[in-house]
Amino acid sequence: MKLKTIAAAAIVAVLGAGAVVAADEPQAARQQMMKDVGRAMGALAGIAKGEKPYDADVVKASLTTMSEVSKTFADQFPAGSETGFETEASPKIWENMDDFRAKDAQFGKDVDTALATLPADQAGVGAALGTIGKNCSACHETYRLKK
Amino acid sequence: MKFLKVTAAVGAAGLLGLACFLWVTAPARTPDDLWQGLGEPNVENGERVFSAGGCSSCHAAPGAGDDGRLVLAGGAPLASPFGTFHAPNISPHPEAGIGGWSLHEFGDAMLRGVGRQGEHLYPSFPYASYARMTPSDINDLFGYLKTLPASDNVAPAHELPFPFNQRALLGGWKFLYLNDDPRVAIANADAKVERGQYLVEGPGHCGECHTPRDALGGLKADLWLAGGPNPEGGPGRVPNITPGGLDGWSESDIAYYLESGFTPDYDSVGGSMTAVQKNMARLPAEDRDAIAAYLKAIPAH
């Protein structure tokens with residue numbers, strides 16, 4: 001009985017450690033960052049489409065999330081993280097790291113421009129979304145596989 | 001002696017068979033009267049057809065970007081299991097492009113995959129989809145193409161190993177796969193769904209990537225738009241865009257994706273669909289709505 005308990009505890013410990021390791025992997029970190037950007041993008045699009053009322057706090061928080069991600073996103077692709085954890089990263093990232101970094105920087109620049117003036121109404125959010133959104137497809141066109 | 005006779009008989013039968021094959025599958029031009037009475041092309045509609053067809057995605061110079069997309073200089077490579085194709089120059093240049101072509105010659109290429117010299121064209125040029133287009137749209141498209149800048153670029157020749165470099169074989173391919181039948185039957189289709197069907201199955205040629213292919217490179221008709229491996233090879237898959245694959249997407253989600261490039265969970269368009277989406281964004285909203293309505297109406301896979 002005691003042996004079983006110890007075995008169960010050991011399994012839980014191993015699984016727990018595994019989860020921690022996975023969350024630390026750059027593949028998992030960058031996936032989470034993109035999910036955060038997607039969520040922020042969704043909040044802005046809801047306002048731009050008129051599905052949600054304009055809310056300056058939501059706009060600011062969403063843009064801040066994107067800005068923070070843009071600052072460190074390109075650092076999440078160290079050598080050795082090319083595969084695994086269901087990554088959709090294209091090998092082209094490592095072949096053209098400078099261009100990849102430049103695209104991330106351009107995304108950050110467009111976000112920070114919007115953040116500095118803060119879109120003041122639905123139309124403003126729509127315009128900012130149009131500019132910022134182009135960065136998503138510009139990068140995913142070359143550097144993301146699958147979709 | 002008997003061996004020689006048998007050999008001769010087999011040889012003769014083979015030649016006869018080959019002659020029959022070439023006769024049955026010879027390049028067939030369109031009838032002349034198809035192109036009569038169409039009048040002056042509507043260039044504005046031609047531009048709409050150009051966007052729906054995404055001509056520049058293949059025919060602009062490789063890496064031309066948004067600025068160079070209207071110079072249809074050709075040269076872009078298209079990889080396939082049969083070799084690498086290079087899109088030709090279709091700018092209005094009289095020698096390097098199609099500036100010297102007649103509407104009838106252009107129409108033969110679009111509807112029948114027949115080149116100016118009467119040769120079979122490779123189906124990397126998706127005439128097996130364009131065969132569903134109306135002569136009126138082709139007239140307008142041809143008129144629009146003539147308004148674009150000329151380029152004297154000569155695109156590289158296709159890089160195809162034997163036997164795929166034998167154009168006569170394409171007659172057999174066309175016999176199997178080239179027709180203008182609807183890809184799917186949709187009961188009680190309204191005008192909107194019919195417009196979507198025309199755009200998707202004809203000029204849009206969506207099925208050329210989104211429908212899996214058989215060993216001969218023909219579309220698997222019973223898996224229309226069900227997705228499959230990347231037809232250019234390599235990693236990545238082309239998604240299923242039937243109602244089974246777009247589960248959870250509303251009609252307006254599809255239309256918004258084509259307009260903005262965002263999925264319902266605000267992931268973005270990527271890969272070669274990025275150029276397609278930019279073209280879809282140039283269409284009138286009613287066309288994107290029609291495509292969305294059609295994609296919700298087709299059989300799910």
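- By the 6.0 Å contact criterion, NZ on A:Lys71 is enclosed, its count of non-hydrogen atoms from other residues, nucleotides or ligands being greater than 12.
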Hey, can you pull the donor-acceptor pairs under 3.5 Å for the side chains in residues 293-301 of chain B, sequence neighbours left out?
residue, atom, partner, partner atom, Å
B:Tyr294, OH, B:Glu201, OE2, 2.6
B:Tyr294, OH, B:Trp224, NE1, 2.8
B:Lys296, NZ, B:Trp249, O, 2.6
B:His301, NE2, B:Asp222, O, 3.4

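- Judged purely by atom type and a 3.5 angstrom limit, A:Arg39 has no side-chain atom pairing as donor or acceptor with the backbone of B:Asp265.
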For residues 54-79 of chain B, tabulate all N or O donor-acceptor pairs below 3.5 Å that involve a side-chain atom, not counting sequence neighbours.
residue, atom, partner, partner atom, Å
B:Ser57, OG, B:Gly54, O, 3.4
B:Ser57, OG, B:Asn279, ND2, 3.2
B:His59, ND1, B:Pro88, O, 2.9

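- Other residues, nucleotides and ligands contribute more than 12 heavy atoms inside 6.0 Å of the CD atom of A:Glu51.
- More than 12 heavy atoms of other shown residues, nucleotides or ligands fall within 6.0 angstrom of atom NZ in B:Lys192.
- Taking A:Ser137, A:Ala40, A:Ala138, A:Ser90 one by one and counting their heavy-atom pairs under 4.5 Å with chain B, the maximum is reached by A:Ser137.
- Taken from CG in A:Leu129 to OG in B:Ser260, the straight-line distance is 8.0 Å, to the nearest 0.5 Å.
- Taking every heavy atom of both residues into account, B:Tyr256 and A:Ala45 meet most closely at OH-CB, 3.9 Å.
- Looking only at side-chain heavy atoms (C-beta outward), B:Asp267 and A:His140 come within less than 4.5 Å of each other.
- Interface check for chain B: of the options A:Lys35, A:Met41, A:Lys134, the most heavy-atom pairs under 4.5 Å are formed by A:Met41.
- In plain terms, the two heavy atoms of B:Phe262 and A:Gly133 that are nearest each other are CZ-CA, 3.8 Å.
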